[in-house]
Amino acid sequence: MVMKGKNKKKEEISYFPVRRRENQYSVYRFISMVGILIIIGMLVVLGTQYVKYYRVKKDLAEFETRIREYEVRMNELSTEVERLQEIDYIEILARKRLGLVKPGEIIFQFED
């Protein structure tokens, strides 16, 4: 008889029937799983955005380097254009590149 009384007390302690408790736990599990899936999804999205950001930053650095190179080249070409406006420079280029001489000049060429 003492045993029956103890079993009765254990049954009286629980306020909810077993079925209702199981339903509540399954709802909590479902909510937890949805929350975990949302967090994982956010991490995936943030990861892909970081990768895109890194690639864009790398491309930007490459383009800035190219721009600097092109600016240097443009300055060199503008200097060359200014020099080509001078007759003395054109004469020097004609002598070096084309081998032209002035009338009456004698050219000595030495073989190595």
Side-chain angles (χ1 to χ4, degrees):
M1 273 180 115
V2 176
M3 293 293 269
K4 289 183 181 178
K6 286 184 180 178
N7 286 339
K8 252 187 176 179
K9 286 184 180 179
K10 285 185 181 179
E11 288 178 15
E12 292 175 5
I13 290 176
S14 91
Y15 298 106
F16 299 108
V18 174
R19 233 185 217 172
R20 186 166 178 185
R21 275 187 280 164
E22 287 176 3
N23 287 341
Q24 283 183 339
Y25 289 135
S26 64
V27 169
Y28 291 138
R29 267 189 235 152
F30 177 74
I31 291 172
S32 298
M33 291 302 286
V34 169
I36 289 171
L37 289 175
I38 289 173
I39 291 171
I40 290 172
M42 290 175 65
L43 289 175
V44 168
V45 168
L46 289 174
T48 56
Q49 291 299 317
Y50 179 75
V51 169
K52 287 180 183 178
Y53 170 76
Y54 178 74
R55 287 181 184 165
V56 168
K57 190 174 179 181
K58 183 181 172 186
D59 290 344
L60 179 65
E62 289 177 12
F63 290 136
E64 287 176 348
T65 303
R66 280 186 184 175
I67 288 172
R68 278 187 245 117
E69 290 172 358
Y70 290 143
E71 287 175 347
V72 168
R73 180 72 177 139
M74 186 177 70
N75 289 336
E76 290 173 355
L77 291 174
S78 65
T79 304
E80 184 72 17
V81 167
E82 289 175 9
R83 290 174 68 186
L84 286 171
Q85 302 299 319
E86 301 170 6
I87 296 199
D88 294 334
Y89 184 70
I90 293 172
E91 184 180 325
I92 291 170
L93 287 179
R95 287 175 178 268
K96 283 184 180 178
R97 292 185 183 170
L98 302 175
L100 298 178
V101 293
K102 289 183 180 180
E105 272 187 338
I106 300 172
I107 300 290
F108 295 100
Q109 289 184 347
F110 300 102
E111 293 182 14
D112 291 338

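Quick note: residue numbers are just sequence positions, from 1. Just so we're clear, the structure is a prediction, and the values are computed from it rather than from any experiment.
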- Item | Side chains of Y89 and E80, donor plus acceptor under 3.5 Å | yes
- How far does CD of E62 sit from CD of E64, to the nearest 0.5 angstrom?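 If I round to the nearest 0.5 Å, the distance is 11.0 Å.
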- Query: About how many Å separate CZ of R83 and CD1 of I92, when rounded to the nearest 0.5 Å?
  - Reply: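 Nearest 0.5 Å value for the CD1-CZ distance: 8.0 Å.
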- Relative to the ring of Y53, is the ring of Y50 parallel (under 30°), tilted (30 to 60°) or perpendicular (over 60°)?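 Ring orientation, 0 to 90° scale: tilted.
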- Cluster question for you: counting only ILVMFWY and a side-chain heavy-atom cut-off of under 4.5 Å, with indirect links fine, are L100 and I106 together? no
- Could you pull out the closest heavy-atom pair between T48 and V45, with the gap in Å? OG1-O, 2.8 Å
- Message: For I90 versus L84, what's the shortest heavy-atom pair and its separation?
- Response: CD1-O, 3.1 Å
- Item | Short side-chain to backbone donor-acceptor contact, E105 and K102, under 3.5 Å | yes
- Going through the distances and angles, do E91 and K96 end up as a side chain to side chain contact (heavy atoms under 4.5 Å, CB included)? CA-CA 9 Å; E91 184 180 325; K96 283 184 180 178; over 6 Å; no
Can you give each donor-acceptor pair under 3.5 Å made by side-chain atoms of residues 65-75, sequence neighbours left out, with the distance rounded to 0.1 Å?
unit_1	atom_1	unit_2	atom_2	d
T65	OG1	A61	O	2.9
N75	ND2	E71	O	3.4

- Identify, with sequence neighbours excluded, every residue that meets side chain to side chain contact (heavy atoms under 4.5 Å, CB included) alongside V56.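 Counting only residues at least two positions away or on another chain, V56 forms no side chain to side chain contact (heavy atoms under 4.5 Å, CB included).
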- Any side-chain heavy atom of L93 within less than 4.5 Å of one from L98? no
- Item | More than 12 heavy atoms from other groups under 6.0 Å of CD1 on I87 | no
- Of V44, I39, I38, the residue whose pairing with M42 passes side chain to side chain contact (heavy atoms under 4.5 Å, CB included): I38
